[in-house]
Amino acid sequence: MVDKIYDVVVVGGGHAGCEAASAAATMGAETLLVTMNLQTIGQMSCNPAMGGIAKGQIVREIDALGGLSGIISDKSAIQFRMLNRSKGPAMWSPRVQSDRALFSGCWRQALEDIEQLDFYQEMVKELIIENDAVAGVRTALGVEIRSKTVILTNGTFLNGLIHIGEKQFGGGRAGEGAAKGLTAQLNQLGFESGRMKTGTPPRVDGRSLDYNKMEEQKGDSKPSKFSFLPESPTLVKQHSCYITYTDLSVHSELEKGFAQSPMFNGRIKSIGPRYCPSIEDKIHRFRDKARHQLFIEPEGWSTVEVYVNGFSTSLPQQVQQAALRKVKGFENVRFFRPGYAIEYDYFPPIQLNHTLETKKIENLYFAGQINGTTGYEEAAAQGLMAGINATLKINRKESLILKRDQAYIGVLIDDLILKGTEEPYRMFTSRAEYRTLLRQDNADLRLTPIGYDIGLASKNRFQRAEKKEQKSKQMIQFLRNTTFELNAINEILLKKELPLLRQADKFIRLLSRPDIDRTDLLDLNPIQLYCLLNDIEDDEFQQVEIQIKYGGYIEKEKSNAKKLQSLEKRKIPLQIDYHQFSSLSSEAKEKLSTIRPKTLGQASRISGVNPTDISVLMVHIAK
């Protein structure tokens with residue numbers, strides 16, 4: 001096996017590694033996935049869930065391009081919820097509670113079904129570098145594996161250090177060792193590295209909990225799914241989650257352990273995720289709050305293990321247990337394992353191109369937490385794009401760089417490359433300036449043609465997306481041309497206690513009203529007949545409804561995106577010396593010299609570069 005020269009070697013079998021390996025191999029690259037433990041491929045290291053605010057949109061985008069995270073999530077789901085239903089469709093975000101063991105098993109099976117993909121269990125200790133380009137990897141046992149490209153997706157394993165109270169030990173996650181050697185080599189090659197922190201809560205025995213004292217949180221009555229493929233399963237039965245709360249007695253118990261907390265005694269110096277703080281950080285920073293919400297999440301169909309979401313901690317185990325036992329429903333809780341914090345190495349992502357290839361070493365790609373991000377979904381998206389771009393480069397084809405008005409994935413990567421991050425980066429809908437365009441419902445229309453063109457999305461996917469778009473356009477035209485019957489509509493308005501209409505109008509005007517939705521019209525003869533004759537599925541009708549109701553907002557965002565495209569087309573000379581311009585601010589000179597943006601559009605999004613600096617560059621480029 002090691003005599004073979006691979007097209008792509010992927011280091012790490014987490015979410016980024018799985019997507020990178022599957023994308024590269026599906027696109028025809030001879031691919032090898034190297035991981036320290038083949039039994040933990042696709043493992044959910046933290047909470048057993050996929051999706052959520054903005055993250056759900058990313059999973060649907062991965063699926064639309066031809067990635068596997070959406071399909072795996074559907075196959076292993078135990079509960080589905082569409083979040084933010086009370087808001088506009090730009091904010092709707094799908095989320096599934098997952099069966100942890102089933103999720104990992106489905107990933108393993110899906111990867112083993114890809115013919116071009118090989119596997120090898122070992123720790124990669126260093127890269128083989130020749131003429132400033134990567135040429136393969138070398139393992140801890142000295143095995144050399146040659147390849148044309150390498151994608152590093154090391155997660156939290158690079159010099160990982162686990163903290164539980166005053167105890168600390170090396171590890172990439174509970175029960176697994178840390179990866180050594182790579183950081184030192186990359187530093188010697190000129191890469192800048194840093195340390196970040198993340199944490200995880202205790203896992204407890206569900207049989208020891210009193211759910212009658214908690215609020216039940218059921219899934220949607222009509223659950224949807226992530227994948228656009230019809231063969232991807234939809235949930236028939238669902239597992240409930242539960243909600244409970246801390247109180248001042250819990251906080252008092254936790255504070256007893258602060259002196260032993262690595263968060264407060266200086267052992268942990270790195271930065272943790274701002275939007276997912278530990279429980280001790282919450283009660284320390286938000287002393288005005290008398291309680292904090294805890295989500296009680298089952299780990300799967302066939303286990304009693306429970307994940308206590310919201311109670312991430314690195315306090316001593318006895319403190320964790322004493323505090324949890326004061327939470328309603330947890331009076332007799334038994335631990336499976338305590339919560340812990342983990343510090344690990346990352347590499348500021350401004351050292352990458354938008355393809356996720358490193359600037360210093362050719363054919364070397366970084367994806368996932370190595371780039372300073374947090375979350376399965378962000379990691380999977382980066383892995384997918386790294387796998388795609390490594391394969392395209394091998395085949396001497398144009399790189400795939402998604403724009404900010406094309407995908408949340410484009411926003412994610414653009415933010416990382418141009419702004420960098422000093423804390424674990426997490427995606428939010430507020431980070432996207434074109435979120436009305438980047439909805440979860442239209443990810444297939446936006447991205448499946450792109451996935452098909454590069455050889456990742458199947459022909460079946462492409463044809464379904466084409467058909468969906470065509471049927472949506474035809475139905476909008478039908479609604480624009482068809483007049484509703486006045487009495488039938490007034491009956492609907494009467495039931496909804498709305499003012500009656502005095503004259504008939506076109507259906508498109510009716511559906512544009514905020515107080516009327518498509519479900520109100522399904523039983524009307526013209527609509528019912530049209531849907532029946534044209535085989536209109538609910539997601540297609542939903543697409544029509546959104547385009548009609550939010551057409552003005554959609555067109556406005558398209559117009560704004562088009563205006564900014566002029567800056568994206570203005571290329572900046574690669575060898576430009578920014579220090580020659582006395583009119584540029586000192587901060588702009590430093591940031592532009594470090595990041596080396598390729599277009600004026602990219603330069604305009606760098607923190608510290610102001611409109612005056614862009615004007616100076618525009619004059620220079622024009623000359």
Is the backbone of [Y] close enough, under 3.5 Å, to the side chain of [X] for a donor and an acceptor to pair up by distance?
{"X": "Asp7", "Y": "Glu30", "value": "yes"}
{"X": "Arg203", "Y": "Pro201", "value": "yes"}
{"X": "Glu557", "Y": "Thr436", "value": "yes"}

Next item on the list: Test Phe366 against Phe191 for ring-ring contact (aromatic ring centres under 6.0 Å, His included), laying out the working first.
Entry: CA-CA 12 Å; Phe366 291 173; Phe191 287 91; 5.7 Å; yes
Between the side chains of [X] and [Y], is a donor N or O closer than 3.5 angstrom to an acceptor N or O?
{"X": "Ser93", "Y": "Gln57", "answer": "yes"}
{"X": "Thr40", "Y": "Arg173", "answer": "yes"}
{"X": "Asp345", "Y": "Thr183", "answer": "yes"}
{"X": "Asp113", "Y": "Gln109", "answer": "yes"}
{"X": "Asp441", "Y": "Gln543", "answer": "yes"}
{"X": "Ser472", "Y": "Gln547", "answer": "no"}
{"X": "Glu122", "Y": "Thr139", "answer": "yes"}
{"X": "Ser69", "Y": "Glu19", "answer": "yes"}

Please tell me if the side chains of [X] and [Y] come closer than 4.5 Å, counting only heavy atoms from C-beta onward.
{"X": "Phe226", "Y": "Ser232", "result": "no"}
{"X": "Ile114", "Y": "Ser22", "result": "yes"}
{"X": "Asn460", "Y": "Leu229", "result": "yes"}
{"X": "Glu297", "Y": "Val306", "result": "no"}
{"X": "Ile370", "Y": "Thr153", "result": "no"}

Electrostatic pair [X]-[Y], nearest N-O below 4.0 angstrom:
{"X": "Lys403", "Y": "Asp414", "value": "no"}
{"X": "Asp220", "Y": "Arg85", "value": "no"}
{"X": "Glu144", "Y": "Arg138", "value": "yes"}
{"X": "Glu61", "Y": "Arg446", "value": "yes"}
{"X": "Lys393", "Y": "Glu362", "value": "yes"}
{"X": "Asp415", "Y": "Arg404", "value": "yes"}

Item checked: Test: Arg439 cationic atom under 6.0 Å from Tyr550 six-membered ring centre, within 45° of axis -> no
Next item on the list: Sequence neighbours left out, what passes salt bridge (Lys or Arg N to Asp or Glu O under 4.0 Å) with Glu568? Give chain and number order.
Entry: Arg605
Check: Would one find more than 12 heavy atoms of other residues, nucleotides or ligands at under 6.0 Å from atom NZ of Lys598?
Finding: no
